[in-house]
Amino acid sequence: MLPLRSRLLALFLIVLSLAINSADAADWPMWRHDPQRSAETAQSLPEKLFVQWVHKLPALEPAFNNERLQFDAGYEPIVKDQRLFYGSSQTDSVTAIDVTTGKELWRFTTDGPVRLAPVAWQDLVIFGSDDGCVYAVSAETGALRWKYRAVPSQRLILGNRRLISVWPVRGGPVIEEDTLYFAAGVWPFEGVFIYALNAETGSVKWVNDRLGYIYGQHPHAAEAFGGITPQGYLVIAGEELIVPCGTAFPARINKQTGKLIEFELPKPGRTPGGWFAAAGKAARRGETKLPQTTAAQPELQFDRDVNSARHENGQNYGPDGKRGIRQQIQTADRKLTYKNGIPGVPGVIHSLVAAADRLFVVTEEGSIYCLGPEETTPVTYESPLMSKQAKSAGQTAQAPLPAMFGDALQAGGYVFLAGVPDAELLNTLLTRHDLQIISLINDPGQLTQLRQLFHERGYTSSQLAFLPGPLDKFSYPAYFAQTIITAEPVHAGMKSYAEQVRLLYPSLRPYGGRLLVKTSDSDHGRLAAEFKSLSQVKISRVGDYSAFEKVGAIPGSSNYTGGWSSPDELVKAPVGVLWYDDSVGNFKRAPQPLFVDGVMISHSKFWQGYPAGIRPPYKLLNPQFSDVYTGRKLNAMQAEVLTTELPTLNQEEKQPNQYRPPYQTNAWSPPPPVIGERTNPLNGKTEPRAFPKSYGCDGGVDYSYVYTMRSGTAAFYDKRVESGTIHISGPRSGCTNSIVPANGLLNVPYYFQGCTCSYPLPVGLSLISLPETHEQWMVWGKGQAQDIQRVGLNFGAPGDRMTDKGTLWLDTPSVGGPSPELKLEIQPASVKPFYEHSLWIEGGQGWPWVGASGITGVERITLNDLEPGEYTLRLYFRDPEFTAAGKRVFSVQLNGQPLIQKLDIAGETGSRQRILVREFKDVSLAESARLDFTTQTGTALICGVELVRQGLPLDEIVTLPEQKQELLTK
């Protein structure tokens with residue numbers, strides 16, 4: 001027998017273990033309980049449950065109308081240590097509730113919608129926001145512990161009708177042990193960032209920002225650039241991190257290193273994916289398990305009801321799995337299924353949580369019910385937003401607007417108040433139900449007070465959202481605001497009226513948008529004189545305001561009313577997202593959209609009005625109107641205000657099955673495009689303008705300056721810079737050519753209905769031209785590479801890239817699709833490529849997308865088949881490892897002659913993220929250029945090599961803005 005002391009110690013450990021397990025069983029610390037998203041708990045529930053309290057909240061409006069993307073359709077509470085926490089996209093906040101009393105304990109507000117459930121870990125609650133940040137707050141008080149910004153950029157766009165970061169945190173956070181995983185970014189071509197952080201401190205363990213640029217398989221055996229599109233809850237499955245990708249299928253990542261294990265879109269067409277995934281588990285009776293692709297690969301579970309969509313030919317389903325798995329939970333003693341309902345809870349169940357000896361029920365209508373063993377009179381808490389909705393349901397009266405507005409607000413839209421301390425004006429604007437107001441407040445204390453005040457008054461963030469100042473903190477989207485109002489510079493954190501006008505005028509909508517600046521008469525005179533040459537501007541004095549009206553069309557833009565030509569001079573590569581949404585959807589073979597004076601007019605078809613598989617000449621539906629610059633859906637009256645002419649199609653006229661330009665003779669399998677001739681950028685020779693185009697029954701349209709097409713995904717070719725094929729990865733475009741340059745934007749409306757292919761983002765968007773420093777990759781295609789006169793070698797890059805002056809930068813080694821094959825040798829073969837997104841670059845000179853990647857361990861680079869002559873040589877360097885001098889020192893020779901002696905990149909730049917460019921003019925070369933690297937310390941590296949023969953246009957070496965990456969706030 002053990003000694004008494006040992007027996008007591010053993011007993012103590014058993015009790016302690018039971019206590020720990022009991023505490024764990026009492027919690028539900030993340031969505032579906034655990035990192036595997038099992039929805040299983042050891043919690044036992046009383047046989048009889050009674051409603052203890054209810055929180056009546058407004059129903060959430062999901063980001064997307066498409067159900068396969070509705071990861072945020074309702075509240076998803078978690079429970080830990082007798083507290084319930086839930087996030088809200090209606091109030092952009094996370095709220096804590098005492099589970100015993102139902103009383104609200106605290107509410108923490110972010111700068112964007114909170115669309116996914118928080119996670120609770122130790123004494124922290126951690127959650128992401130569409131503002132691009134992850135927050136860790138005290139579970140007890142809601143006080144901020146740390147805040148991590150996922151991307152070093154404050155660029156904003158309109159995403160799903162809200163002003164948000166280009167990189168929202170929609171890869172729902174998950175915690176295992178002390179590691180927090182999450183993902184930021186929606187659009188692969190804008191960059192996607194997947195993280196592992198220390199949950200306690202917010203410090204980075206690893207980040208993978210390479211997964212937005214993967215050239216490979218798309219539906220229908222197509223090939224294109226694509227990538228991960230994180231939308232949905234991340235899952236831990238064994239040693240893998242599973243990243244749901246919208247309506248596609250998840251990516252698998254090594255959770256220890258962040259390296260990609262597997263991601264591809266299904267090769268066959270018509271295979272729908274969805275946002276939901278969970279780790280596999282032992283199959284119960286009646287369940288079907290997904291097959292494993294490899295023996296070591298963890299299984300995943302999908303919900304067949306989520307991975308389901310109506311195709312023109314009938315209902316399609318994704319891979320087999322358990323139907324309804326998303327809508328059930330398992331406690332210690334029973335399985336609870338949403339569709340069976342819960343006694344005492346009215347409405348349709350959206351979510352269930354078993355924790356703290358209670359059952360928490362969330363309804364689709366928006367209420368959270370707490371059920372416990374005590375029979376009691378339930379306590380009801382009603383959100384102020386509910387009482388506001390009830391009061392305004394029958395309210396039609398609108399307060400008269402001040403005369404300064406004229407008719408600028410008649411069509412509704414976005415109003416931006418940039419530091420306006422005028423409560424009466426704000427209250428008046430809030431009576432206009434067709435306006436969406438964004439108010440920038442520079443004083444942090446005032447910002448907190450106003451958020452609380454207007455929450456108590458019942459306004460949602462969709463009606464009134466607040467941003468922290470100063471005004472120059474953010475980069476705002478162009479053209480989004482119908483009206484902008486600002487006052488004295490101090491209220492916006494600025495120094496002068498001129499600064500405010502320069503920052504705000506670009507965001508004003510064309511065709512009558514108005515910027516109102518509250519000024520004195522003398523200040524008005526100075527501003528009118530200084531800005532009289534602004535494009536489209538009409539300046540006037542209206543009461544106490546200087547009014548800057550943006551009149552008419554943007555110079556160089558074009559309308560499109562059909563005819564397969566739209567010479568819009570403003571649409572030029574590279575491009576970035578301006579807005580995205582799926583409010584306006586169209587059948588995949590509907591007629592082309594029209595674009596007139598800032599309004600898109602589209603006609604969908606009555607394709608769902610027939611039995612599956614029946615394809616008569618579908619009738620046209622009523623026209624849909626939307627704002628080109630925001631994606632906002634308009635009614636006919638609003639559209640009429642925004643445009644002088646609204647061409648619509650004859651709905652009684654019999655429609656063709658396909659809408660094709662006259663030169664596309666094959667409706668389903670068009671030949672590869674060859675559009676005129678171009679100058680080969682490598683050797684200067686004239687050749688046919690041919691470029692890669694993969695599967696897509698839309699053979700493409702030459703709109704004058706750009707050629708748009710479906711090439712696996714939506715794609716275009718910019719003829720002015722001979723860009724190569726640029727893929728707008730995420731959505732598919734229509735069978736009808738629906739990618740149209742017009743009104744100053746590249747428009748890619750939602751032409752996806754009737755298709756179930758697992759493209760990850762079935763939405764519409766518009767894109768705007770961005771500076772050449774913006775990172776964007778393309779596929780140049782095969783081409784002649786003899787007698788080279790100019791070329792760029794972009795080591796470690798994901799794809800090819802063309803510059804305005806004519807240098808074709810080739811990804812080396814080639815990984816981004818077909819490229820010209822150079823006679824190039826790199827020694828040794830064991831060189832290691834590296835890559836970081838160019839957004840991380842902190843300064844220096846040269847193209848950031850060249851300096852962001854490279855190779856290490858290089859000893860020799862030899863490029864043959866050059867045209868003999870005099871050249872300008874540029875070498876790009878950035879040290880991704882060291883910031884201290886002397887850690888990496890090497891010399892470079894060109895064709896045996898000294899070129900650079902004892903280069904110490906870190907010593908010269910003092911940063912891991914500053915680019916160093918060395919330029920050499922009048923370099924005589926015969927048929928080859930050989931660079932030899934000799935190391936003094938460490939290993940040699942290089943990012944890029946550019947060779948341009950004298951007499952050819954030469955890009956300037958750009959000086960990059962200095963910026964410091966301060967992503968973590970404590």
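The figures that follow rest on heavy atoms only: side chains count, while hydrogens, waters and symmetry mates do not.
A ring-centre distance under 6.0 Å is not found for F834 and F795. Not less than 6.0 angstrom separates the ring centroid of F71 from the ring centroid of Y233. In summary, the aromatic rings of F587 and W607 are positioned with their centroids under 6.0 Å apart.
With a 4.5 Å cut-off on side-chain heavy atoms, Y181 and T179 count as touching. Here the side chains of K588 and F752 are not in contact, with every heavy-atom distance at 4.5 Å or above. At a threshold of 4.5 Å between non-hydrogen side-chain atoms, the residues R689 and V674 do not count as touching. Counting heavy atoms from C-beta outward, P661 and N737 have side chains that stay 4.5 Å or more apart. A heavy-atom distance below 4.5 Å is found between the side chains of R710 and Y695. Using a 4.5 Å heavy-atom cutoff, the side chains of D582 and N66 are in contact.
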| request: Check the pair Y213 / H837 against side chain to side chain donor-acceptor pair (under 3.5 Å), numbers first and verdict last. | output: CA-CA 10 Å; Y213 312 111; H837 197 284; 3.0 Å; yes

| Stepwise side chain to side chain contact (heavy atoms under 4.5 Å, CB included) check, V134 with L180 | CA-CA 10 Å; V134 170; L180 171 79; 3.9 Å; yes

| said: Evaluate N65 against Q70 for side chain to side chain donor-acceptor pair (under 3.5 Å), listing each step before the verdict. | reply: CA-CA 7 Å; N65 291 317; Q70 288 184 353; 5.4 Å; no

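Residues forming a side-chain hydrogen bond (donor to acceptor under 3.5 Å, both in side chains) with R170 (at least two apart in sequence, or on another chain): D130, N160, Q231. In terms of the side chain to side chain contact (heavy atoms under 4.5 Å, CB included) criterion, residue partners of L770 (sequence neighbours excluded) are, by chain and number, R155, I768, H774. Not counting sequence neighbours, the partners of Y703 by the ring pair (Phe, Tyr, Trp, His ring centres under 6.0 Å) test are Y560. R310 pairs by the side-chain hydrogen bond (donor to acceptor under 3.5 Å, both in side chains) definition with nothing, not counting sequence neighbours. Remark: F189 pairs with W187 by the ring pair (Phe, Tyr, Trp, His ring centres under 6.0 Å) rule, at least two apart or across chains. With sequence neighbours left out, the side chain to side chain contact (heavy atoms under 4.5 Å, CB included) criterion links H603 to I601, L620, P623, T648, L649. The ring pair (Phe, Tyr, Trp, His ring centres under 6.0 Å) check on F182 picks up Y195, with sequence neighbours excluded. Taking the ring pair (Phe, Tyr, Trp, His ring centres under 6.0 Å) definition, one finds that W206 meets it with nothing, sequence neighbours left out. Residues satisfying the side-chain hydrogen bond (donor to acceptor under 3.5 Å, both in side chains) test with N208, not counting sequence neighbours, are none.
For residues 204-218, the pairs satisfying salt bridge (charged side-chain N to carboxylate O under 4.0 Å, His left out) are D178-K205, with sequence neighbours left out.
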Quick one: side chains of residues 215-229, donor-acceptor pairs under 3.5 Å with protein atoms, not counting sequence neighbours, listed by atom name and distance.
unit_1, atom_1, unit_2, atom_2, d
Q217, NE2, L265, O, 2.6
H218, ND1, G216, O, 3.4
T229, OG1, C245, O, 3.4

Acceptor/donor pairs from residues 272-279 side chains to any protein atom, 3.5 angstrom cut, sequence neighbours excluded:
none

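For S738 (side chain) and S733 (main-chain N/O), no donor-acceptor pair under 3.5 Å exists by modelled atom type. Between the side chain of R589 and the backbone N or O of N657, at least one donor-acceptor pair lies under 3.5 Å. Without hydrogens or angle criteria, S723 side chain to D718 main chain gives a donor-acceptor distance under 3.5 Å. Between the side chain of W31 and the main chain of G172, no donor-acceptor pair closer than 3.5 Å is present.
If you check the side chains of S602 and N586, you find a donor sitting under 3.5 Å from an acceptor. S308 and Q315 share a donor-acceptor pair across their side chains, judged by distance under 3.5 Å alone.
Of the residues F716, Y717, F691, the one that meets the ring-ring contact (aromatic ring centres under 6.0 Å, His included) test with Y707 is F691.
Look at K255 and E240 and you find no salt bridge, because none of the NZ, NE, NH1 or NH2 atoms lies under 4.0 Å from a carboxylate O.
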